[in-house]
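Counting convention: from 1, in listed order, for ligands and their atoms alike. Bear in mind the structure is a predicted one, so any value in this text is a computation, not a measurement. In what follows, every heavy atom counts, from backbone to side chain, and hydrogens, waters and symmetry copies are set aside.
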Amino acid sequence: MLLTHATLATMSDGYGLIRDAAVALDCDRVAWTGPMADLPATYRSLPETDCAGRLVTPGLIDCHTHAVHAGHRAAEFEARLKGASYAEIARAGGGILSTVTATRAATEDELLASALPRIHQMIAAGATTIEVKSGYGLTVGDELKMLRAARRISRELRVSVVTTHLAAHAIPPEYTGRAEAYIAEVAIPSLHAAHGEGLVDAVDAFCETIAFSPAELESLFAEARALGLPVKLHAEQLSDQTGAAFAARHGALSVDHLEYLSPNGIKAMASAGTVAVILPGAFYTLRETQVPPIAALRAAGVVMAVATDLNPGSSPLASLPLAMNMACTLFRLTPEEALLGTTAHAARALGLADRGRISPGLRADLCIWDATHPAELSYRIGATPLHARIFGGRLDA
Ligand code: NIG
Ligand code: FE
């Protein structure tokens, strides 16, 4: 396939804009990109799709979601509007644990069926790769069930799925006050079992006063690394627990949330090459007031990614373009940083070298937008200007 007359944002070196560009695809890979005038003769006979000046970007990558889960938490949304806080609801047994109850009661088929409409919305907003975490099962069997359901998504819909083991998401009621026993008896055994089934691409945890401390997570991260699995961490979302520095010490691919990130944490992430994943949907939903230290991250050269954090509690958000808009308006990212954050930098947060930019040899996952400048994707609020999507070299039907 040959795309012609595109306004191309290759996302190599910033936007990497090429006007009146062509992109030649060979099966599921990009074969050539450049100005129309330079198109080699060999590609001129390929079946042509005229983009008529439309913006073409890499397919969007959502590098942090909890898209597989049962039920919803609209009642907590109402409770928060009446004054309860996210942490209070969690301590009273609601929050993550109410989704755990629903997820334990669901079958693998039910989890898959309830996730598909959400994934469909993400695809309709431009996603071609989606990370999905476990973390609402909190038993060996229920964590495996979530990861198996997540892996089945890519057999049902045209999207790549990356799966993350997040058994250390919350302490289930049967382990109240016994975080270390939970890690030893459930989190680590479920990691071994899931890895044995080939269900784990990375290992994540929630580091917070209402979840786990760095010390409690040490053995889990050591185990992950012994299995050759990269780690990442939910850290400094509601308070500074020095999770970022801990994760960086384990060579983390990313540390996510980061509202309360300290200068020390920034330094550790910069020297480890850890990506900062910012999640403005959770900040917005929980009406947080402490903004992540974007200017300091930028100054330290920490690469930033942007994700939806799609989950039933703190971020019921399925649109990456809306996450980009929030990242700009709430956190003052530039539209260029926001688009890098859902393409090239999101790929880095997942350890994927074969996507996130438009360049020969990389995957042919592309979005064609009803837009002519890449900043339009961040600028519109709640719009989905997707004109067409190409996944693995083929246009969606
Ligand atoms: O990324 N912070 C912890 N985990 C999720 C929230 C999950 C939930 O509330 O169900 C997050 O925001
Ligand atoms: Fe999350």
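- Around ligand 1, the residues contributing at least one heavy atom under 4.0 Å from the ligand are His64, His66, Arg73, Tyr86, Ile96, Tyr136, His169, Phe206, His234, Gln237, His257, Asp309, Asn311, Gly313, Ser314.
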Taking it one step at a time, do Arg178 and Glu216 satisfy salt bridge (Lys or Arg N to Asp or Glu O under 4.0 Å)?
CA-CA 10 Å; Arg178 296 190 298 132; Glu216 289 161 352; over 6 Å; no

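- A salt bridge does not link Glu78 to Lys82: none of the charged side-chain nitrogens sits closer than 4.0 Å to a carboxylate oxygen.
- Aromatic ring pairs are classed by plane angle as parallel below 30°, tilted from 30° to 60° and perpendicular above 60°; the pair Phe206 and His257 is tilted.
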Evaluate side-chain contact (heavy atoms from CB on, under 4.5 Å) for Ile61 paired with Arg355, printing each intermediate quantity in order.
CA-CA 9 Å; Ile61 299 172; Arg355 66 197 73 189; 3.7 Å; yes

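- Between His66 and His234, a ring centre-to-centre spacing shorter than 6.0 Å is recorded.
- Remark: side-chain polar atoms of Lys232 are not paired, donor with acceptor, to backbone N or O of Thr164 under 3.5 angstrom.
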Contacts under 3.5 angstrom, residues 15-38 side chains, donor-acceptor by atom type, not counting sequence neighbours:
residue	atom	partner	partner atom	Å
Tyr15	OH	Glu336	N	3.2
Asp20	OD1	His5	ND1	2.7
Arg29	NH1	Gly361	O	3.3

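- Applying the salt bridge (Lys or Arg N to Asp or Glu O under 4.0 Å) test to residues at least two apart or on different chains, the pairs with a partner in residues 183-210 are Lys133-Asp204, Arg148-Glu197, Arg151-Asp201.
- Side-chain atoms of Ser378 and Asn325 form no donor-acceptor pair, as typed in the model, at a separation below 3.5 Å.
- Residue-and-atom listing of protein N/O/S atoms under 2.8 Å from the Fe ion (ligand 2), sorted by chain and number: His64 NE2, His66 NE2, His234 NE2, Asp309 OD1.
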